[in-house]
Amino acid sequence: MRNFSLRERPSVITVLREPPKKKKSFPWQKWTFIAAVIFLISYIGYKAVTNLWIINANGQIEVKKQTVHFADDVTLNQFFVAEGQQVTAGDTLFTYLPIIEDVVSTSVTDYDKTNDWVEKEKLNIQSKIAHKTFEIESLIGRINNSQSLATMKKEMVLLGSVNDKNEYEYLMLDIKKMGLELEGLKKEKKYLQGLLYSLDQKKAVPQQKVTTSTRKHGDTKTAFVAPMDGIIGQINFNPNEVCFRREEILTIHKLEDMMIKVYFDPYEMKYLEQGDDVDVIFPDGSSSEGFIENFHVATYALPEEFQKKYEPTTRNIVANVHLKNSNDRYKLMNFYKMNVRISKSRFNIPI
């Protein structure tokens with residue numbers, strides 16, 4: 001029997017180990033692209049819904065007010081109210097004194113007929129004639145420029161490139177005013193030339209007329225009473241100051257009649273009716289519910305703050321909007337003369 005023994009040489013077969021698997025990194029680019037696409041689709045969808053579903057319009061807060069002014073000059077004596085004070089109809093607001101014009105007196109003074117005075121007067125008249133000549137030439141140049149511009153505007157209107165004729169009409173009105181002013185300057189120059197000719201021919205010395213007039217106050221103080229209930233607005237004068245005719249002394253605001261005047265695009269009128277509910281967004285971001293009380297009969301030009309520059313004047317349908325909740329009326333007073341945003345569902349579907 002043969003002896004059995006194991007071979008002592010090492011085996012040629014070896015076991016290979018698999019390399020370690022690398023950890024997968026987070027796909028930032030993929031998810032960033034997906035997020036950008038989702039945001040873009042959402043933004044486009046929001047704009048589409050906003051334009052197709054929601055009517056947006058601009059509005060201004062207005063309040064019924066009474067302006068106090070006089071047709072003649074007066075001197076304000078004493079105020080009995082302050083800005084922001086609540087008044088009722090019949091309360092005394094201030095006292096004043098009317099200003100009375102006395103008789104105008106005219107005196108005539110004759111000067112010595114000396115050649116020196118005549119020469120000085122001639123130099124003065126010649127200076128005035130030169131000044132009038134310069135004014136006439138400048139005004140003629142302005143008229144020519146305006147006429148050229150008016151011709152261009154007229155051609156643009158006839159060609160249909162500009163739909164608004166207001167600018168052309170205002171330009172023609174301005175040309176007419178300048179023409180009247182030119183005629184007046186020519187008459188003044190002609191008068192001065194005639195006066196200069198008279199001095200040259202006759203060496204006459206014109207008489208100088210001195211006109212004097214004084215103004216005095218009335219003797220009786222008059223009290224001005226409030227014509228309605230309300231709150232005193234801005235007071236533009238102090239006691240013992242003179243208020244000239246048509247100048248605004250103060251205003252009385254009636255807060256109970258505050259409302260929002262809204263400017264709607266005429267295209268949206270088929271989706272608007274009296275009594276429709278609207279959302280009012282105030283400048284501070286807060287909102288409130290309101291309703292359309294009525295529509296104005298005529299269209300109105302869009303205010304300057306809403307009007308786009310370098311575009312024809314836009315006219316809109318105007319509606320009055322009142323708030324439903326009386327507790328929110330204080331917001332109208334806080335944002336008086338400020339702009340608000342009005343939104344409404346085009347198909348009367350809740351927003």
Side-chain angles (χ1 to χ4, degrees), residues 31-65 160-164 166 253-351:
W31 289 105
T32 302
F33 176 76
I34 293 174
V37 172
I38 293 175
F39 174 78
L40 182 61
I41 294 175
S42 301
Y43 180 77
I44 295 174
Y46 171 76
K47 284 296 183 181
V49 171
T50 301
N51 295 330
L52 298 176
W53 183 14
I54 300 175
I55 299 174
N56 291 313
N58 295 312
Q60 289 182 328
I61 299 174
E62 293 193 353
V63 61
K64 182 180 179 181
K65 65 179 181 179
S161 59
V162 178
N163 297 325
D164 192 1
N166 292 339
H253 299 272
K254 193 171 183 180
L255 301 182
E256 291 79 5
D257 294 337
M258 295 188 73
M259 63 180 178
I260 303 173
K261 181 180 287 187
V262 186
Y263 297 85
F264 286 106
D265 191 325
Y267 171 78
E268 307 292 355
M269 280 303 299
K270 55 186 175 182
Y271 304 108
L272 299 171
E273 292 182 1
Q274 184 175 341
D276 284 351
D277 295 335
V278 297
D279 288 338
V280 183
I281 297 91
F282 294 97
D284 64 345
S286 61
S287 61
S288 182
E289 294 183 356
F291 64 94
I292 299 175
E293 183 185 38
N294 55 16
F295 293 94
H296 291 213
V297 176
T299 59
Y300 289 78
L302 198 64
E304 294 183 358
E305 51 267 36
F306 301 144
Q307 179 71 42
K308 295 181 179 179
K309 294 183 178 180
Y310 311 111
E311 289 189 4
T313 303
T314 304
R315 301 189 68 85
N316 290 75
I317 303 295
V318 178
N320 295 333
V321 171
H322 287 267
L323 299 182
K324 288 185 176 181
N325 190 353
S326 59
N327 296 328
D328 290 342
R329 292 187 179 274
Y330 73 93
K331 296 182 180 179
L332 299 180
M333 182 174 59
N334 293 340
F335 300 112
Y336 174 54
K337 287 188 176 181
M338 297 185 69
N339 303 332
V340 296
R341 192 73 175 167
I342 306 298
S343 61
K344 176 193 176 296
S345 172
R346 181 173 278 111
F347 309 104
N348 293 324
I349 302 175
I351 300 175

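Reckoned from all heavy atoms, side chains included, excluding hydrogens, waters and symmetry mates. One is the number of the first residue; the rest follow in order along the sequence.
- Remark: the backbone N or O of Gln60 is not paired with any side-chain donor or acceptor of Asn339 at under 3.5 angstrom.
- The CD1 atom of Ile44 lies 4.0 Å from the CG atom of Leu40; values are rounded to the nearest 0.5 Å.
- For CD of Glu289, the number of neighbouring non-hydrogen atoms (other residues, nucleotides, ligands) closer than 6.0 Å is 12 at most.
- Annotation: the span from Asn56 atom CG to Glu268 atom CD amounts to 9.0 Å, rounded to 0.5 Å.
- With a 4.5 Å cut-off on side-chain heavy atoms, Ser288 and Phe282 count as touching.
- Phe295 approaches Glu273 most closely through the heavy-atom pair CE1-C, 3.8 Å.
- The side chain to side chain donor-acceptor pair (under 3.5 Å) with Asn320 is formed by just one residue from the set Lys261, His296, Glu62; it is His296.
- Between Phe39 and Tyr43, the ring planes lie parallel to each other; the angle is under 30°, not in the 30° to 60° tilted range.
- Proximity of a side-chain donor or acceptor of Ser42 to a complementary backbone N or O of Ile38 within less than 3.5 Å is detected.
- Atom CG of Asp265 is separated from atom CG of Leu272 by 10.0 Å, given to the nearest 0.5 angstrom.
- Counting heavy atoms from C-beta on, the side chains of Val280 and Ile342 come closer than 4.5 Å.
- Residue Lys344 is tested with Val278, Val262, Ile54, Asp279 for a side-chain contact (heavy atoms from CB on, under 4.5 Å); the sole match is Val278.
- In terms of the salt bridge (Lys or Arg N to Asp or Glu O under 4.0 Å) criterion, residue partners of Asp277 (sequence neighbours excluded) are, by chain and number, Lys324.
- With a 4.5 Å cut-off on side-chain heavy atoms, Ile55 and Phe264 count as touching.
- The number of heavy-atom neighbours closer than 6.0 Å to CZ of Phe291, taken from other residues, nucleotides and ligands shown, is above 12.
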